[in-house]
There are 2 protein chains.
Amino acid sequence: MSQMENQRSDETVTADDVAKLAGVSRWTVNRAFKKDASISRKSREKVMGAAQTLGYVPDLLASSLASDRSNLVCLLIDDFANPHKLVMLERLTRVLRKNGLDTLLVNTSDEEDTSAALLNASQRRVDAAVLIGIQFTDRSLATALGARRVRKLIVFARSSENPDTISICCDDRAAMNEITDYIVEKGYRKPLFLAGPQSTSAHLGRKETFLKRWQDAFGATPDFVSVARYDPQLAYDQVVGYFADHPALNNVDIIVCENDALAVGAVDAIRTKLGLRVPEDIAVIGFDDIPQADSANYKLTTYRQPLSAMAEGLVEVLKGTSENEHLRHFLGKLVVRESA
Amino acid sequence: MSQMENQRSDETVTADDVAKLAGVSRWTVNRAFKKDASISRKSREKVMGAAQTLGYVPDLLASSLASDRSNLVCLLIDDFANPHKLVMLERLTRVLRKNGLDTLLVNTSDEEDTSAALLNASQRRVDAAVLIGIQFTDRSLATALGARRVRKLIVFARSSENPDTISICCDDRAAMNEITDYIVEKGYRKPLFLAGPQSTSAHLGRKETFLKRWQDAFGATPDFVSVARYDPQLAYDQVVGYFADHPALNNVDIIVCENDALAVGAVDAIRTKLGLRVPEDIAVIGFDDIPQADSANYKLTTYRQPLSAMAEGLVEVLKGTSENEHLRHFLGKLVVRESA
DNA sequence: AATGTGTTTGCACGCGCGTGCAATTTATTC
DNA sequence: GAATAAATTGCACGCGCGTGCAAACACATT
């Protein structure tokens, strides 16, 4: 009724309001909210008190605009059929958030090219874009980088040859070597490699490492088939198809899979369609250690990526704690269960 | 070499730069980028040309700040063990993006209470916060809403009693009724209900509907067990535990599960631990129709939520096309496979 | 009390764009 | 061709906060 001050029409309460109530300047208010700012304990308490009663919170949008740092990281994913992505998302969002970074999730399944999505991310001034998908090529990365605006481009859980890019991934070569050694030691001699999409950039991947290693050891290159997406269903179809074309079943005693998503499909195919047992008739070995791999039904022998370490590594890169390495490798761990 | 204009130190190119090059005012430049703005075709072309050569893109941060609309939606999830979440994420991000909305993903697994996460979201001025998890209670929602700043609070794929909230979900009651009818028709008479966490808000959920319906039909309330999280592993343990306590196996001819995450665990338990067949010995019916449900190994009979329609519904609510309904129901579809 | 050191505080200016309206240009009509 | 309507363009002001520095203050020392 009486005098209602110059309160804003709606109820956005800004630092100015708090400042007035606390009897300090606006800048002191914002300082109070900065972790290690130069401010006395007393005035910080005054400010916090006032902020409390007014329900004030600093506006990250305005802050980002002014400071040119958004504390926002963009995650680009196109590979939603692979259950491992959910694990990654969980881990990444958790670790990022613990470090004060928020996550912008972009689904690039629709895009021909990730460039458009990257552009979109750049419009939000994200501090970094993290690629977790499979569709992007080194060339499209280059294009996107040309437009700049995305300060850091990070390829997660995969390596990229683009020098302007930082890769954070499991050491695939060491991993496949370990897997190969394990297989050989266990006496498997007729492997089939089940690979993912081949269209991606020509990095020395799991398939290449395995085939080469096997070639070196036995002088023969194992057979392989590839699946168009990391999708258990497609893997299932592919395996069924393979054995339809190669009726001499005893030509394969183990299927080595590029990841668990494929491995799960392979197991299903072996049991359901071929009517065989895993691992007695055909063994299966995966990669990633998705939750399903540990289920009673699959008991998948697989290789666990050190996701937490990788996520922490990502944060280090983002914070600039460890500059200019184009590639950060992490060692994983072979998890032996029953499927191989 | 010669004169290099007053180019900014780093290379952020703003609308002003484009304006200068195109020979128009800054406002015309920004208009050119607005879908249906009042601008002549000719000057739009001029602007777009200049923007192209300069590599200009409008800054969404500044735009959000000025317009007070961020086109950002915050998704809060805590339930990463449930594979269905990945499907939801895929669908939501896709549909939102198609409608010009970006997605902020927040992992609330760590939080005692979603309030903190909501507060964080509010600092980014998200246009809406969408809750997809299970941990939040109606009370914590109320608290969060008290602080305002989050313009719209939406509960997705679940109903909430909070009147300031908009629920977008599958019609659980209709669904469970259909499921019950199906079960009854198929001759099952000894159901066990496998429920999720019971700590959540007291909405009339799938369990209640099923139990009540069965009670009405047969005068007896079926047994039920509940699992602490929607996690196949925990469901497995729970089912194993149940049958350890109830050795008279023929007391159950079907396990009705609150969702597929649980159903998958149930199937594993039945086969692996009990050594029984699905559906011959014990049938299983799920809910959600996760990708796994369609795999050769599970062939789960389940109920598919109309995710796309729900996502579109979400967009409508966000755009304000369909105001003030506290609850939007969508009808799903029973998917009959082999598990029941 | 004067000097010096270290700590707090205040402030001018800018981040890049939106809003609403007024000025200007272009199209339309008789 | 003048008058009127319609389409297009320009602009002052503000969104909420950060940066870097200078002024103000506190405290210890001689």
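Every heavy atom of this structure was used, including side-chain atoms; hydrogens, water molecules and symmetry mates were not. Computed from a prediction, not measured in an experiment: that's the story for all the values here. Numbers restart at 1 for each chain; the letters A, B, ... are given by sequence-line order, proteins then strands.
Here C:dC15 presents its P atom at 18 Å from CZ of A:R69, a figure rounded to the nearest Å. With rounding to whole Å, A:L60 atom CG is found 9 Å from D:dG18 atom P. A:K34 places its NZ atom 15 Å from the C1' atom of C:dT9, with the value rounded to the nearest Å. For the pair B:W27 CH2 and D:dG14 P, the interatomic distance rounds to 14 Å; values are reported in whole Å. Distance CZ (B:R26) to P (C:dG16): 11 Å, rounded to an integer number of Å. If you take CG of A:L61 and C1' of D:dG14, they are 15 Å apart, rounded to a whole angstrom. What separates CG of B:D68 from P of C:dC17 is a distance of 17 Å, to the nearest Å. The distance from atom NZ of A:K35 to atom P of D:dG18 is 16 Å, rounded to the nearest whole Å.
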Between the protein and nucleotides 23-28 of chain D, are there any N/O to N/O pairs under 3.5 Å, and if so, what are the atom names and distances?
none

Below 3.5 Å is the cut-off: list the nitrogen or oxygen pairs between protein and nucleotides 7-9 of chain D, distance only.
residue	atom	partner	partner atom	Å
D:dT9	OP1	B:S40	OG	3.1
D:dT9	OP1	B:S43	OG	2.7
D:dT9	OP2	B:S40	N	3.0
D:dT9	OP2	B:S43	OG	3.1

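Taking only side-chain atoms of B:L65, from C-beta outward, the nucleotide of D:dC15, D:dT19, C:dC17 with the closest atom is D:dC15. Picking from D:dT19, C:dC17, C:dG14 the nucleotide with the shortest atom distance to the side chain of B:A62 gives C:dC17.
When the salt bridge (charged side-chain N to carboxylate O under 4.0 Å, His left out) test is applied to A:D79, the partners found at least two apart in sequence or on another chain are A:K85. Judged as a side-chain contact (heavy atoms from CB on, under 4.5 Å), and not counting sequence neighbours, the contacts of B:L65 are A:A62, A:L65, B:R125. Here A:R31 pairs with nothing under the side-chain hydrogen bond (donor to acceptor under 3.5 Å, both in side chains) rule; sequence neighbours left out. With sequence neighbours left out, A:S43 forms a side-chain hydrogen bond (donor to acceptor under 3.5 Å, both in side chains) with A:S40. Take A:R229 and apply the salt bridge (charged side-chain N to carboxylate O under 4.0 Å, His left out) test, not counting sequence neighbours, and it matches A:D231. Under the side-chain hydrogen bond (donor to acceptor under 3.5 Å, both in side chains) criterion, B:N71 pairs with no residue, sequence neighbours left out. With sequence neighbours excluded, the residues forming a side-chain hydrogen bond (donor to acceptor under 3.5 Å, both in side chains) with B:S308 are B:R91, listed by chain and number.
Without hydrogens or angle criteria, A:S64 side chain to A:L60 main chain gives a donor-acceptor distance under 3.5 Å. Looking at A:S67, its side chain does come within 3.5 Å of a backbone N or O of A:S63 through a donor-acceptor pair.
Rounded to the nearest 0.5 angstrom, A:I166 CD1 and A:F156 CZ are separated by 13.0 Å.
B:F33 comes within 4.0 angstrom of no nucleic acid atom, judged by non-hydrogen atoms across all strands.
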Side-chain atoms of residues 44-57 of chain B: list all donor-acceptor pairs with protein atoms under 3.5 Å, sequence neighbours left out, distances to 0.1 Å.
residue	atom	partner	partner atom	Å
B:R44	NE	B:A32	O	3.0
B:R44	NH2	B:A32	O	3.3
B:R44	NH2	B:K34	O	2.8
B:E45	OE2	B:R41	NH1	3.0
B:T53	OG1	B:A50	O	3.0
B:Y56	OH	B:N30	OD1	3.3

Ignoring hydrogens and angles, write down the donor-acceptor pairs under 3.5 Å from the side chains of residues 99-106 of chain A, residues two or more places apart or on other chains.
residue	atom	partner	partner atom	Å
A:N99	ND2	A:V95	O	2.8
A:D102	OD2	B:R124	NE	2.9
A:D102	OD2	B:R124	NH2	3.2

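In the helix from C:dA1-D:dT30 to C:dC30-D:dG1, the rotation axis of the first five pairs and that of the last five pairs differ in direction by 30°, rounded to 10 degrees.
Taking only side-chain nitrogens and oxygens, A:T12 never comes nearer than 4.0 Å to OP1 or OP2 of D:dC15. Checking the phosphate oxygens (OP1, OP2) of C:dG16, no side-chain nitrogen or oxygen of B:N30 falls inside 4.0 Å.
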